[in-house]
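Bear in mind the structure is a predicted one, so any value in this text is a computation, not a measurement.
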Amino acid sequence: MMLVLHAVRLKGFADTAAVAARFGLDPGRTEEDLLDAEAYGHVSRSAFAGLSGWSLTERGRRHNEAQLRDELDGAGARDAVGGVHDRFVPLNARANTAFTAWQLGTDRGTDTFHALAGHLRGLERDLTARLDRFAGYHERFATALGRSAADPAWITGIEVDSCHRVWFELHEDLVATLGITR
């Protein structure tokens with residue numbers, strides 16, 4: 001259930017298949033967990049513009065934060081994850097500048113994104129040494145970066161698992177896990 005709620009938090013708004021896919025969960029079981037979470041007031045389902053999906057309620061957010069805190073403390077990983085976050089902050093500033101320049105069309109080079117991918121590999125390695133659920137960020141980012149050569153939407157697009165989406169999810173994952181604000 002923790003991974004289901006956390007996937008909803010990271011995705012912001014997602015259908016059941018996307019929630020299940022985030023952590024490689026069984027879609028049928030994920031649907032059951034989401035319905036249970038809805039009954040507890042942790043998630044709500046909504047639809048607009050032909051899309052429907054789940055989002056976390058404030059109650060669900062608090063519950064998920066407690067789950068993450070218990071996981072972090074149970075693994076004795078607070079200092080390790082905090083250290084990764086400290087290394088992430090200056091990289092995030094670089095990423096924000098690069099993503100903004102890309103969106104504005106003032107810099108369509110990918111050198112910064114390639115450098116960020118290299119840093120992401122090390123961050124993920126250090127995170128997964130303590131918490132397996134952090135696995136996959138580097139692969140997703142590198143895949144999106146590779147696809148951007150044929151379609152630039154893979155850098156900042158919102159309808160694909162773009163570099164920007166992956167980076168944003170990692171940031172949200174770190175702050176949620178540590179119980180801090182952006």
Side-chain angles (χ1 to χ4, degrees), residues 1-85 88-89 92 95 99 120 123-124 126-141 143-144 153-154 156-182:
M1 180 62 85
M2 183 198 78
L3 291 178
V4 169
L5 289 180
H6 196 51
V8 173
R9 179 177 181 153
L10 295 177
K11 293 292 182 190
F13 176 80
D15 64 19
T16 301
V19 171
R22 177 61 191 87
F23 290 110
L25 305 173
D26 175 76
R29 179 66 199 167
T30 299
E31 176 76 21
E32 291 176 27
D33 287 345
L34 286 165
L35 291 171
D36 288 346
E38 183 179 39
Y40 284 109
H42 294 157
V43 297
S44 63
R45 188 187 318 220
S46 57
F48 61 91
L51 300 173
S52 65
W54 299 95
S55 44
L56 213 53
T57 63
E58 187 54 39
R59 181 178 184 176
R61 181 182 210 80
R62 287 190 310 271
H63 182 69
N64 185 235
E65 287 170 354
Q67 292 174 316
L68 295 171
R69 186 174 47 252
D70 291 346
E71 176 201 40
L72 185 65
D73 293 339
R78 184 167 297 280
D79 289 343
V81 175
V84 169
H85 180 262
F88 176 84
V89 170
N92 191 50
F99 288 130
L120 185 53
L123 297 175
E124 183 179 315
D126 293 348
L127 289 165
T128 58
R130 298 306 200 100
L131 296 171
D132 290 340
R133 70 173 168 80
F134 279 100
Y137 283 110
H138 175 264
E139 181 181 341
R140 290 171 57 208
F141 190 95
T143 297
W154 284 93
T156 59
I158 59 171
E159 288 147 9
V160 296
D161 198 28
S162 66
C163 292
H164 185 261
R165 176 175 287 188
V166 173
W167 195 267
F168 178 85
E169 284 184 20
L170 174 58
H171 192 190
E172 182 65 20
D173 206 348
L174 287 168
V175 299
T177 300
L178 292 168
I180 58 179
T181 56
R182 290 180 184 255

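Heavy atoms only, all atoms of each residue included: Val8 and Leu56 are closest at CG1-N, 3.5 Å. The minimum heavy-atom distance between Glu124 and Phe134, with the atom names listed, is CG-O, 3.6 Å. Closest non-hydrogen pair, Ala135 versus Thr128, comes out as N-CG2, 3.4 Å. Minimum heavy-atom separation, Asn64 to Met2: ND2-O, 3.5 Å. When every heavy atom of Ala18 is checked against every heavy atom of Lys11, the shortest pair comes out as O-CE, 4.3 Å. What you find for Ala20 and Pro27 is that their closest heavy atoms are CB-CA, 3.8 Å.
Counting heavy atoms of neighbouring residues, nucleotides and ligands inside a 6.0 Å radius, atom CG of Asp26 exceeds 12 of them. Within a 6.0 Å sphere centred on CD of Glu58, heavy atoms belonging to other residues, nucleotides or ligands number more than 12. The environment of Leu51 atom CG is dense: over 12 non-hydrogen atoms of other residues, nucleotides or ligands sit within 6.0 angstrom.
Within the 4.5 Å cutoff, the side chain of Ser44 has heavy atoms near those of the Ser55 side chain. Under the 4.5 Å side-chain criterion, counting only non-hydrogen atoms from C-beta, Glu169 is in contact with Arg22. Two residues are said to be in side-chain contact when any heavy atoms from C-beta on lie closer than 4.5 Å; Val4 and Leu25 meet this criterion. Looking only at side-chain heavy atoms (C-beta outward), Cys163 and Phe99 come within less than 4.5 Å of each other. With contacts defined as side-chain heavy-atom distances shorter than 4.5 Å, the pair Leu72/Leu131 qualifies. By the 4.5 Å heavy-atom criterion applied to side chains, Leu170 and Leu120 are counted as neighbours.
Within the 3.5 Å criterion, the main-chain N or O of Gly76 finds a donor-acceptor partner in the side chain of Arg130. Using a distance-only test at 3.5 Å, with no hydrogens or angles considered, a donor-acceptor pair links the side chain of Thr57 to the main chain of Gly41. Within the 3.5 Å criterion, the main-chain N or O of Gly157 finds a donor-acceptor partner in the side chain of Ser162.
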Can you list the steps and then say if Thr181 with Val175 is a side chain to side chain contact (heavy atoms under 4.5 Å, CB included)? CA-CA 6 Å; Thr181 56; Val175 299; over 6 Å; no
Take Trp167 and Phe88, measure what ring-ring contact (aromatic ring centres under 6.0 Å, His included) needs, and give me the verdict at the end. CA-CA 10 Å; Trp167 195 267; Phe88 176 84; 5.0 Å; yes
Going through the checks in order, is the ring-ring contact (aromatic ring centres under 6.0 Å, His included) test met by Phe48 and Phe13? CA-CA 11 Å; Phe48 61 91; Phe13 176 80; 5.3 Å; yes
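Residues Asp73 and Arg69 are not paired through a salt bridge, judged by the lack of any N-O separation under 4.0 Å between the basic side chain and the carboxylate. Between Asp173 and Arg133 a salt bridge is recorded (basic side-chain N to carboxylate O distance below 4.0 Å). Ion pairing between Arg62 and Glu65 fails under the 4.0 Å rule for side-chain N and carboxylate O. A salt bridge is absent between Glu38 and Arg59: the closest approach of a Lys/Arg side-chain nitrogen to an acidic carboxylate oxygen does not fall below 4.0 angstrom. Salt bridge present: Arg61 and Glu172 bring a charged side-chain N and a carboxylate O closer than 4.0 Å.
In this structure, OG1 in Thr30 is found 11.0 Å from CG in Asp15, a value given to the nearest 0.5 Å. Note that the CG atom of Leu174 and the CG atom of Leu127 stand 6.0 Å from one another [nearest 0.5 Å]. Between atom CH2 of residue Trp154 and atom CZ of residue Arg165 there is a gap of 9.5 Å, rounded to the nearest 0.5 Å. In this structure, Thr177 OG1 and His85 NE2 are separated by 10.0 Å, a value rounded to the nearest 0.5 Å. Between Asn92 atom CG and His171 atom NE2 the span is 5.0 Å, to the nearest 0.5 Å. Here the CG atom belonging to Leu35 is positioned 13.0 Å from the OH atom belonging to Tyr40, to the nearest 0.5 angstrom.
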